[in-house]
Amino acid sequence: MFELSFTLPDFVLKNTTQDYLWALGTFGGILIVLYIFKLIIIKKLGNWAERSTAALDDEIVKAVQNIGLLFYVLIALQLGLRFLQIPELLSSVLYYITLIVVVFNITKALNVLITYGIKSLARTNGKDENASIIKILIKFSKGVLWIIALLLVLSNLGYNISSLLAGVGISGIAIAFALRSILEDLFSAFSIYFDKPFEPGDFIEVGNNRGTVQSIGLKSTRLKTLFEGEELVISNKELTKARIRNYKKMERRRRTFEFGVVYRTSTKTLEKIQSLVKDIIKSIDGIEFERVYFTEFEDSSLKFEVVYYVDSPDYEDALAAQQEINLKLHKKFNEEDISMAFPTQTIHLEQ
């Protein structure tokens, strides 16, 4: 007759029945408490979050709900095994497994909060939370968090991470030098995005170029130039170093123009021109008169300077206002027989 024999490990016999009961009771009790926390308390928090207007509580509940069942089982098992004597190797294996699972679940929960925080910051600054630059920032932040989590695990596993960090640092410096231009444009894009010196749709002036911002990318910004209408591509790094005039930020535009009349114009007519110009500008809606003066005796004309404000930051509105003023001036000067000057030269001969 074939007979089977089985010998229990020594550590099993070292623990009494009472030890096993305490361990089993602790494991089961803690697991039940965590299970109740998972199913009941989180559910109530979820219901409360649905009634609340704040979005943060929703994200906290979501982060906790993402924690898996294995997390709770391993926590309960670790606490239950404190009542038993088990081999050091088995204890170490269970500890490392628990460490990995706990760090993994906490990192996942923190990722949810990081995503919420970055998107909330974008919304606060009036930005699109689904923009490509926001997605890249979220991925970058999550990547840094996972790297920290990995280093934490390796450190607890007994690895010397100092040499690893040194190697990663040297490699990072080499990569950073190789990608220096791209990284400068990328960080400049972040600066433009959050500092908001301009936004798509703004009319800006950069150096000798003027145009409307069409888009702000990760590497460059695109303008539609004012006069030629072509697309001008400028690197973000250049924009962060340049002096930029943003005309969209103005509440209104100050406009100055000059015109001249011929020298034969009488003094009485010169005095009349001031009131004519003033009346014309005040008759046009959307602009505000400031001043008009006879300012200079030029070579071929008597020069006047006019200053007024357009109640709009839009450059097209300023051009339309100037055109309307010019047309009305031309018509009124024709009616009053006032001659506009043009470059001439008069030669006087003495007998």
Side-chain angles (χ1 to χ4, degrees), residues 126 196-214 223-230 232 239 242-351:
K196 298 191 295 186
F198 54 84
E199 296 178 325
D202 288 1
F203 184 82
I204 66 173
E205 179 180 331
V206 184
N208 296 323
N209 300 301
R210 289 184 175 187
T212 303
V213 179
Q214 298 295 300
L223 305 182
K224 183 178 181 182
T225 57
L226 174 63
F227 299 108
E228 293 81 5
E230 80 270 20
L232 179 64
L239 286 173
R243 178 175 294 180
I244 300 172
R245 292 185 176 181
N246 191 338
Y247 293 98
K248 190 68 175 289
K249 301 296 182 181
M250 296 189 306
E251 294 182 359
R252 59 179 187 169
R253 281 179 175 267
R254 184 178 186 271
R255 300 281 292 177
T256 302
F257 73 97
E258 300 171 343
F259 67 88
V261 295
V262 296
Y263 261 86
R264 68 172 179 269
T265 306
S266 66
T267 303
K268 183 178 180 180
T269 303
L270 290 175
E271 294 173 347
K272 186 178 181 182
I273 287 175
Q274 283 187 291
S275 59
L276 288 177
V277 173
K278 182 178 180 179
D279 292 341
I280 287 172
I281 293 179
K282 285 191 170 183
S283 69
I284 301 174
D285 294 333
I287 63 176
E288 179 183 340
F289 172 79
E290 182 174 300
R291 67 174 185 266
V292 54
Y293 286 108
F294 170 33
T295 59
E296 190 175 350
F297 292 91
E298 289 194 325
D299 291 340
S300 58
S301 68
L302 304 174
K303 189 175 74 175
F304 281 81
E305 182 184 78
V306 183
V307 180
Y308 66 94
Y309 288 94
V310 181
D311 296 332
S312 169
D314 192 272
Y315 188 69
E316 295 289 339
D317 292 341
L319 291 178
Q322 186 63 60
Q323 175 178 262
E324 188 170 358
I325 291 171
N326 291 342
L327 291 173
K328 289 190 175 184
L329 276 177
H330 187 268
K331 180 180 179 181
K332 194 66 177 178
F333 280 15
N334 285 338
E335 292 175 356
E336 299 291 335
D337 196 25
I338 300 173
S339 299
M340 302 286 284
F342 54 90
T344 57
Q345 188 176 44
T346 303
I347 300 176
H348 298 273
L349 299 177
E350 292 187 2
Q351 297 292 334

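Atoms considered below: every heavy atom in the structure, side chains included; atoms not considered: hydrogens, waters and symmetry mates. Throughout, numbering of the chain's residues begins at 1 and tracks the sequence.
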**Q** When R252 is tested against each of I287, D317, D311 for side-chain contact (heavy atoms from CB on, under 4.5 Å), which residue passes?
**A**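 With R252 as partner, side-chain contact (heavy atoms from CB on, under 4.5 Å) holds for just one option, D311.
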**Q** I need the minimum non-hydrogen distance between L239 and I244, along with the two atoms involved.
**A**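 Closest approach of L239 to I244, heavy atoms only: O-CD1, 3.4 Å.
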**Q** Closer than 3.5 angstrom, by distance alone: can the side chain of Y263 be matched with the main-chain N or O of E298 as a donor-acceptor pair?
**A**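 At least one qualifying donor-acceptor pair exists.
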**Q** Tell me if the NZ atom of K328 is crowded by more than 12 foreign heavy atoms within 6.0 Å.
**A**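 Enclosed: over 12 neighbouring heavy atoms sit under 6.0 Å from NZ of K328.
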**Q** Do you know which two heavy atoms are closest between A341 and S300, and how far apart they sit?
**A**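 Heavy atoms only, the tightest pair is CB-O, 3.6 Å.
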**Q** With rounding to the nearest 0.5 Å, note down the distance linking CG in N334 to CE in M340.
**A**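 The CE atom of M340 is 9.5 Å from CG of N334, to the nearest 0.5 Å.
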**Q** Which heavy atom of V310 sits nearest a heavy atom of A318, and at what distance?
**A**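 Between these two residues, the closest heavy atoms are CG2-CA, 4.2 Å.
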**Q** NZ/K272 to OG/S266 distance, rounded to the nearest 0.5 angstrom?
**A**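 So the gap between those two atoms works out to 9.5 Å.
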**Q** Is R254 close to E290 at the side-chain level, that is, under 4.5 Å between some pair of heavy atoms?
**A**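 E290 vs R254: side chains touch.
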**Q** Taking C-beta and beyond as the side chain, do V306 and I325 meet within less than 4.5 Å on heavy atoms?
**A**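 Not in contact.
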**Q** Any donor-acceptor pair under 3.5 Å linking the side chain of T265 with the backbone of L270?
**A**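 Not at all, since once roles are kept as given, no pair shorter than 3.5 Å links the two residues.
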**Q** Kindly indicate whether the side chain of I338, heavy atoms from C-beta on, has any atom under 4.5 Å from the side chain of L276.
**A**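 A side-chain contact exists here, since the closest heavy-atom pair is under 4.5 Å.
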**Q** Could you check whether any side-chain heavy atom of F297 comes within less than 4.5 Å of a side-chain heavy atom of L302, counting everything from C-beta outward?
**A**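 Yes. Closest side-chain heavy atoms under 4.5 Å.
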**Q** Would you say that more than 12 heavy atoms from the other residues, nucleotides or ligands in this model lie under 6.0 Å from the CZ of F257, or not?
**A**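 Buried by this count: over 12 neighbours within 6.0 Å.
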**Q** Determine whether I273 and F333 make a side-chain contact, defined as any pair of heavy atoms from C-beta on separated by less than 4.5 Å.
**A**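 In short, these two side chains touch, coming nearer than 4.5 Å.
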**Q** Search all heavy atoms of K282 against all heavy atoms of F289 and return the closest pair with its distance.
**A**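 K282 and F289 have their closest heavy atoms at CG-CB, 4.0 Å.
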**Q** Nearest 0.5 Å, what's the CG-CZ distance between L319 and R253?
**A**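 Answer for the CG-CZ pair, L319 versus R253, is 8.0 Å.
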**Q** Can you tell me how far apart NZ (K303) and OG1 (T295) are? Round to the nearest 0.5 Å.
**A**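 Reported value, rounded in 0.5 Å steps: 4.5 Å.
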**Q** Looking at every heavy atom in both L223 and Q214, which two are closest together, and how far apart are they?
**A**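 That closest heavy-atom pairing would be C-CG, 4.2 Å.
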**Q** Closest approach of L232 and T225, non-hydrogen atoms and distance?
**A**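 Shortest heavy-atom contact: CB-CG2, 3.9 Å.
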**Q** Between E199 and V213, is there a side-chain heavy-atom distance shorter than 4.5 Å?
**A**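 Heavy-atom side-chain distance check fails, nothing below 4.5 Å.
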**Q** Between E305 and T256 (side chain of the first, backbone of the second, donor and acceptor by atom type, cut-off under 3.5 Å), is there such a pair?
**A**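 The answer is no, because no donor-acceptor pair under 3.5 Å joins these two groups.
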**Q** Rounded to the nearest 0.5 Å, what separates atom CD in E205 from atom CZ in R245?
**A**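 It is 5.0 Å, given to the nearest 0.5 Å.
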**Q** Check for me whether the distance between the ring centres of F304 and F259 falls short of 6.0 Å.
**A**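 Between F259 and F304, which both carry aromatic rings, the centre distance is below 6.0 Å.
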**Q** Is it true that, when you exclude K332 itself, more than 12 heavy atoms of the residues, nucleotides or ligands shown sit nearer than 6.0 Å to its NZ?
**A**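 It does not: K332 NZ has 12 such atoms or fewer within range.
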**Q** Should F294 and Q274 be marked as a side chain to side chain contact (heavy atoms under 4.5 Å, CB included) after you check the CA-CA gap, both sets of side-chain angles, and the distance that decides it?
**A** CA-CA 8 Å; F294 170 33; Q274 283 187 291; 5.7 Å; no
**Q** Do the non-hydrogen side-chain atoms of Q322 and Y308 ever get within less than 4.5 Å of each other?
**A**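 They are in side-chain contact.
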**Q** Output the distance between atom CZ (R291) and atom NZ (K278), rounded to the nearest 0.5 Å.
**A**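 One gets 13.5 Å once the value is rounded to the nearest 0.5 Å.
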